[in-house]
Amino acid sequence: MKKAVSEANINLSQIDAVSCTYGPGLVGALLVGVSYAKALSYSLNKPLIGVNHLEGHIDANYITHKDLEPPFLCVMMSGGNTQIVHVKDYTTFEILGKTKDDAIGEAFDKVARVIGLGYPGGPKIDKLAKDGKPIIQLPRVHMDNLDFSFSGIKTAVINLHHKTPDINKADLAASFEDAVSDMLITNVEKAINLTKMKKIVLAGGVSANSYIREKFDTLAKDKNIQVYYPELKLCTDNAAMIASAGYYEYLQGDKADLTLNAMPNLKFC
Ligand code: KG4
């Protein structure tokens, strides 16, 4: 299948369709994007395509990896979601497991705030952890199924920091990353056994994390599978990933009309 254009200087006359995300997310931001896209599509007389934000995160990978094709397993790790998704085709998805409480990015951000790193916490924990070692024992929650729970590890780190203010923060950050990586990889191994998929795709802001990437690279070698992640600038929210998802929805014939509206709680498949 022909791939979406990744980066190019284009003018309005070269646009075939206009895509925008209409959920899930914060209603104010969604309304601005949806209104702009509707106006642009109407004025250019080009089709309008409404895209699920999470589909955009997955499809960021098609921009970075021209050879990537479904089916594969996607580990969706963002500020608001953590899911293992079976990507059966470009526009067909099945959620195999998801977080029962905090999203992984939320856990990164809350831990970072409490240990004094500020917001957004993910990149700051990533940097600090490089100076530390994962030597502090932290609890791992492993569910019977493919779901996750990150609130326990978050609270454990926060409590430890309050009880032992002199604790080495770099070691704490490294140990936190090690514990969440363990939890992710355990469930991904279960999902591999269940689906027999040989390709694992990371998506969402937390897929920028260097320690998590290293752990998945090791998994790839151990299990003889392929691991993909988006280039750094496409991990966190961006417009290119929504264009990529819009491209595949367009090929599928999924078009919206001018009644398209923001849906802050839009479900993913
Ligand atoms: O996907 P995203 O841009 O927004 C949502 O759609 O939710 O993800 C934002 C999240 C934030 O929680 C941020 O701390 C986290 O991604 N993040 C990282 C890193 N870069 C961004 N977490 C861990 N390590 C990073 N390097």
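As the structure lists them, so they are numbered: ligands from 1, and atoms in each ligand from 1. Because only heavy atoms are used, hydrogens play no part in the values below, and waters and symmetry mates are left out as well, while side chains stay in.
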Inset, instruction - Would you please indicate if the ring centroids of Phe72 and Tyr228 are separated by under 6.0 Å? - result: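 Centroid separation for Phe72 and Tyr228: 6.0 Å or greater.
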Inset, instruction - Please find out if less than 6.0 Å separates the ring center of Tyr90 from that of Tyr62. - result: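 Ring centroids of Tyr90 and Tyr62 are less than 6.0 Å from each other.
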Are any of the N or O atoms of [X] closer than 3.5 Å to those of ligand 1?
| X | answer |
| --- | --- |
| Gly204 | no |
| Met77 | no |
| Gly105 | yes |
| Phe108 | no |
| Glu106 | no |

Inset, instruction - For residues Lys198 and Ile225, determine if any side-chain heavy atom of one lies less than 4.5 Å from a side-chain heavy atom of the other. - result: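 Heavy-atom side-chain distance check passes, below 4.5 Å.
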Inset, instruction - Indicate yes or no: at least one non-hydrogen side-chain atom of Val87 is less than 4.5 angstrom from one of Val201. - result: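 When only atoms from C-beta onward are counted, Val201 and Val87 do not touch, as no gap falls below 4.5 Å.
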Considering only heavy atoms of [X], which atoms of ligand 1 have at least one such atom less than 4.0 Å away?
| X | answer |
| --- | --- |
| Gly205 | 1 (O), 2 (P), 8 (O), 16 (O), 17 (N), 18 (C), 19 (C), 20 (N), 21 (C) |
| Gly80 | 7 (O) |
| Asn209 | 23 (C), 24 (N), 25 (C), 26 (N) |
| Thr236 | 3 (O), 21 (C) |
| His53 | 6 (O) |

Any side-chain donor paired with an acceptor under 3.5 Å for [X] and [Y]?
| X | Y | value |
| --- | --- | --- |
| Asp237 | His57 | yes |
| Ser151 | Asp102 | no |
| Tyr229 | Asp217 | yes |

Which residue and non-hydrogen atom of the protein lie closest to [atom], and at what distance in Å?
| atom | value |
| --- | --- |
| atom 10 (C) of ligand 1 | Gly79 N, 3.7 Å |
| atom 22 (N) of ligand 1 | Gly122 CA, 3.2 Å |
| atom 4 (O) of ligand 1 | Asp237 OD1, 3.2 Å |

Legend entry - Non-hydrogen atom of His57 closer than 4.0 Å to ligand 1: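 For ligand 1, residue contact (heavy atoms, under 4.0 Å) with His57 is present.
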Inset, instruction - Run the salt-bridge test on Lys215 and Asp178 with the 4.0 Å N-O cut-off and return the result as yes or no. - result: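 Salt bridge present between Lys215 and Asp178.
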Inset, instruction - For Leu31, look at atom CG and say whether over 12 heavy atoms of other residues, nucleotides or ligands are found less than 6.0 Å away. - result: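 Correct, the count exceeds 12.
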Legend entry - Geometric class of the Phe93/Phe268 ring pair [parallel <30°, tilted 30-60°, perpendicular >60°]: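 Because their plane-to-plane angle lies in the 30° to 60° range, the rings of Phe268 and Phe93 count as tilted.
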Inset, instruction - May I ask you to identify, for Asp126, whether its side chain, its backbone, both or neither come under 4.0 Å of ligand 1 on a heavy-atom basis? - result: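 Under 4.0 Å from ligand 1, Asp126 contributes side-chain atoms alone.
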Inset, instruction - Have a look at ligand 1 and work out which part of Asp109, if any, has a heavy atom under 4.0 Å from it: side chain, backbone, both or neither. - result: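 Side chain only.
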